[in-house]
Q: 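Quick one: this structure, given as structure tokens, is what I'll be asking you about.
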Amino acid sequence: MTSFFQSLGMTYEAAWFTATIAGILLIAFPLMLAVALIIYAERKLWAAFALRKGPNVVGPFGVLQSFADGLKVFLQETIIPSASNRGLFLIAPIITFTVALMAWAVIPFGDGMVLADINVGLLYILAISSLGVYGVVISGWASNSKYPFYSAMRAAAQMISYEVSIGFILICVVLWAGTFNMGGIIAGQKGHVLGLINAYALNPLLFPIAVMFLISAMAETARAPFDLTEAESELVAGYQTEYSSMAFALFWLGEYANVLLMCALNAILFWGGWLPPVDWAPLYMVPGIFWLFAKILVMFFIFAWVKATVPRYRYDQLMRLGWKVFLPISLFWVFLVSGYLMLTRYECKNSERMYISQVTDVERGKTFTADKPTNNWDGICRSDLNVAGKASK
Amino acid sequence: MIQVISFYLFASILIASAAMVIFARNPVHSVLWLIVAFFNAAGLMVLIGAEFIAMLLVIVYVGAVAVLFLFVVMMLDIDFAELRAGFVKNVPLGLLLAVVLVAELILGVGAYRAGAVKLGTPEAGAATVSNTVPNIEAIGNLLYSKYIFLFESAGLILLVAMVGAIVLTHRRSHGSKGQNINSQNMRRPQDATRNVNQPVGQGVEL
């Protein structure tokens with residue numbers, strides 16, 4: 001997009017700036033629209049699970065229900081409890097909302113359709129999602145009320161616990177893809193299973209962690225069955241108890257933007273992102289963004305399905321699942337995946353392995369410019385080096 | 001231009017928030033200012049092209065360490081009067097520390113400026129940043145080859161510290177009944193219940 005603005009006669013910096021702003025708006029506004037519609041979709045789904053009709057009054061089939069709710073909330077009065085910490089009380093929902101939007105910067109919607117194509121894309125997502133806990137914790141503390149505070153404590157413990165296992169799960173994927181770049185991870189899934197299916201999840205070695213990631217994603221976004229931070233039977237409405245009007249709506253929007261993000265992550269990391277499900281040429285005629293959206297919607301259906309059918313976990317069971325089940329398994333899986341890749345992908349005999357420091361600059365130049373410029377994971381195979389050296393001669 | 005603007009933005013916010021960590025009356029506010037400082041430091045790291053370090057800074061410090069800080073500080077029952085009394089009591093010690101630190105700073109910078117100290121050989125200056133090799137790859141190549149033993153021993157030390165902390169604080173409580181998930185799952189209805197075909201009018205023997 002930068003080149004387009006440059007062709008309008010802007011300097012590179014101005015063009016870059018304009019393109020980035022335009023990109024942010026192009027992601028944020030459709031995302032808000034998607035959140036409004038997905039809330040409607042989810043209410044319809046729950047209604048179907050419970051044999052009800054769901055929202056059906058505002059607009060055709062009730063499609064405009066979320067917009068009506070938004071308008072209502074927007075016109076309400078913002079009530080700030082007198083004993084609360086005023087500044088932090090107002091900042092907390094803004095943090096939740098902003099953080100939920102920020103992570104979308106590195107999500108690739110199609111081939112090259114990404115706002116920030118950075119090397120550390122997945123780490124960026126991990127960093128941003130670890131900020132999400134602040135919105136909850138600050139709102140709980142600033143409300144100066146018992147139930148929100150309990151909720152904040154729970155949220156802090158829960159999100160930290162599951163971030164650990166999510167980290168290990170992501171490491172497995174990164175090891176397999178060989179890159180932190182989201183586009184690279186998607187590209188690595190092309191024809192991954194039997195040269196036919198574009199998904200890491202159907203790789204027998206990665207399938208268990210795909211399931212674990214789905215469950216951890218639910219816990220990380222504090223969705224049912226892990227919604228202990230807003231368990232209404234115990235904590236009224238959790239950290240949102242004291243919030244009203246627009247501040248409440250920001251929490252609401254942020255939560256659903258986060259859920260969509262987690263669905264998108266599932267789709268990108270394990271189900272091939274914008275690649276069609278099967279590596280078959282005619283399917284590539286459909287734009288990649290369509291496949292990504294279809295996968296996100298399927299993931300979201302699973303989230304809604306789980307929320308409608310699975311009863312809430314008890315808090316100690318939640319902690320047990322995070323620390324005593326997921327953490328050891330995911331740690332073991334990192335070991336397993338890296339071991340498997342060592343044996344199969346990097347078949348370099350130990351006697352032939354050289355450390356980078358042992359390679360002279362001349363040799364290094366030859367190696368890196370030869371056929372095998374990448375994947376020098378801890379050193380260079382002497383045989384590769386020789387081949388490369390001969391080839392360049 | 002954008003780089004310069006963002007550098008001064010990040011740097012000034014960093015310094016201001018670092019100052020606010022000290023000046024904030026409420027410890028919770030201090031921790032939150034500290035988080036802002038971490039975040040802006042990460043921004044500066046991105047500006048110099050160290051995106052991996054920047055992300056790690058946010059993940060480790062903001063995402064984990066500061067949350068635990070906040071967790072603890074939020075639960076403190078703070079008595080501001082007592083805090084102020086403690087401030088008066090500790091002023092001499094604090095001043096002494098400040099004087100020592102400022103003197104060290106002045107001495108250090110002065111010595112460096114005077115040229116008496118040689119900070120390594122000229123070649124051993126800052127590593128050149130390559131535009132082609134990504135951060136992670138460059139760090140990984142170095143960490144897992146040249147510094148492998150240092151790296152692994154650092155990991156080992158951390159592991160030992162973690163185990164030590166758990167051993168020191170873990171106390172198996174006697175008398176309280178924990179939950180054994182396995183035995184619960186293994187339990188079958190016939191272990192706990194019994195069907196009795198009881199004639200009417202007679203009591204059940206338990």
Side-chain angles (χ1 to χ4, degrees), chain A residues 11 13-14 16-17 20 85 87-88 91 118-134 137-138 140-142 149 152-153 155-157 159-160 163-164 167 174 178-181 314 316-317 320 324-325 353-359 368 373-380, chain B residues 1-6 26 28-29 31-32 35-36 38-39 42 45-46 49-76 130 132-148 151 178-181 184:
Chain A
T11 61
E13 282 185 341
W16 178 86
F17 194 76
T20 308
N85 194 317
L88 289 181
I91 285 175
I118 53 176
N119 284 329
V120 287
L122 206 50
L123 278 179
Y124 173 81
I125 297 236
L126 210 56
I128 295 300
S129 72
S130 69
L131 292 180
V133 65
Y134 284 108
V137 170
I138 293 174
W141 182 78
F149 191 67
M153 294 285 109
M159 288 186 184
I160 288 180
E163 236 152 56
V164 179
V174 165
T179 175
F180 273 100
N181 182 295
R314 219 172 53 208
D316 61 314
Q317 288 173 335
R320 178 182 166 271
K324 291 188 177 172
V325 180
R353 185 162 298 144
M354 296 172 73
Y355 294 130
I356 291 289
S357 51
Q358 293 173 305
V359 185
F368 282 120
T374 51
N375 278 345
N376 45 335
W377 55 280
D378 80 340
I380 297 166
Chain B
M1 186 60 187
I2 292 174
Q3 288 95 322
V4 176
I5 292 176
S6 34
N26 194 327
V28 173
H29 292 179
V31 177
L32 292 175
I35 292 161
V36 176
F38 280 145
F39 213 72
M45 293 284 187
V46 170
E51 73 264 9
F52 181 61
I53 304 286
M55 291 305 144
L56 280 199
L57 190 70
V58 175
I59 292 173
V60 174
Y61 283 95
V62 181
V65 174
V67 173
L68 293 180
F69 273 8
L70 198 63
F71 203 91
V72 173
V73 168
M74 264 173 21
M75 286 194 275
L76 290 179
S130 164
T132 51
V133 182
N135 251 228
I136 303 174
E137 217 173 306
I139 292 178
N141 274 337
L142 210 58
L143 217 53
Y144 288 100
S145 59
K146 202 172 171 185
Y147 297 112
I148 180 76
F151 181 67
Q179 188 182 17
N180 188 344
I181 304 275
Q184 284 184 352

Q: Return the CD1 to OH distance between B:Ile59 and A:Tyr124, rounded to the nearest 0.5 Å.
A: 12.0 Å

Q: Counting only non-hydrogen atoms closer than 4.5 Å, does A:Asp316 touch chain B with its backbone (N, CA, C, O), its side chain (CB onward), both, or neither?
A: side chain

Q: For B:Ala54, is it the side chain, the backbone, both or neither that has a heavy atom under 4.5 Å from a heavy atom of chain A?
A: neither

Q: Run B:His29 and A:Asn85 through side-chain contact (heavy atoms from CB on, under 4.5 Å) and show every step you take.
A: CA-CA 10 Å; B:His29 292 179; A:Asn85 194 317; 3.1 Å; yes

Q: Using the test side chain to side chain contact (heavy atoms under 4.5 Å, CB included), find all partners of A:Ala156 that sit at least two apart in sequence or belong to another chain.
A: A:Val133, A:Val137, B:Val67, B:Phe71

Q: Tell me whether B:Tyr61 at atom OH has more than 12 heavy atoms from other residues, nucleotides or ligands lying less than 6.0 Å away.
A: no

Q: Over all heavy atoms of both residues, which pair between A:Ser130 and B:Gly63 is shortest? Give the atoms and the distance, please.
A: OG-CA, 3.6 Å

Q: Side chain, backbone, both or neither: which part of B:Ile35 has an atom under 4.5 Å from a heavy atom of chain A?
A: side chain

Q: Which atoms of B:Leu143 come close to chain A, meaning under 4.5 Å heavy atom to heavy atom: side chain ones, backbone ones, both, or neither?
A: neither

Q: For a 4.5 angstrom cut-off between non-hydrogen side-chain atoms, does B:Glu51 reach A:Asn119?
A: yes

Q: Heavy atoms, side chains only, cut-off 4.5 Å: are B:Met55 and A:Leu126 in contact?
A: no

Q: Does any N or O in the side chain of A:Tyr134 come within less than 3.5 Å of the main-chain N or O of B:Val62, such that one atom is a donor and the other an acceptor?
A: yes

Q: Is there a side-chain contact between A:Ile160 and B:Leu68, using heavy atoms and a 4.5 Å cut-off?
A: yes

Q: Please rank A:Asn181, A:Leu123, A:Val164, A:Leu131 by heavy-atom pairs under 4.5 Å with chain B and give me the top one.
A: A:Leu123

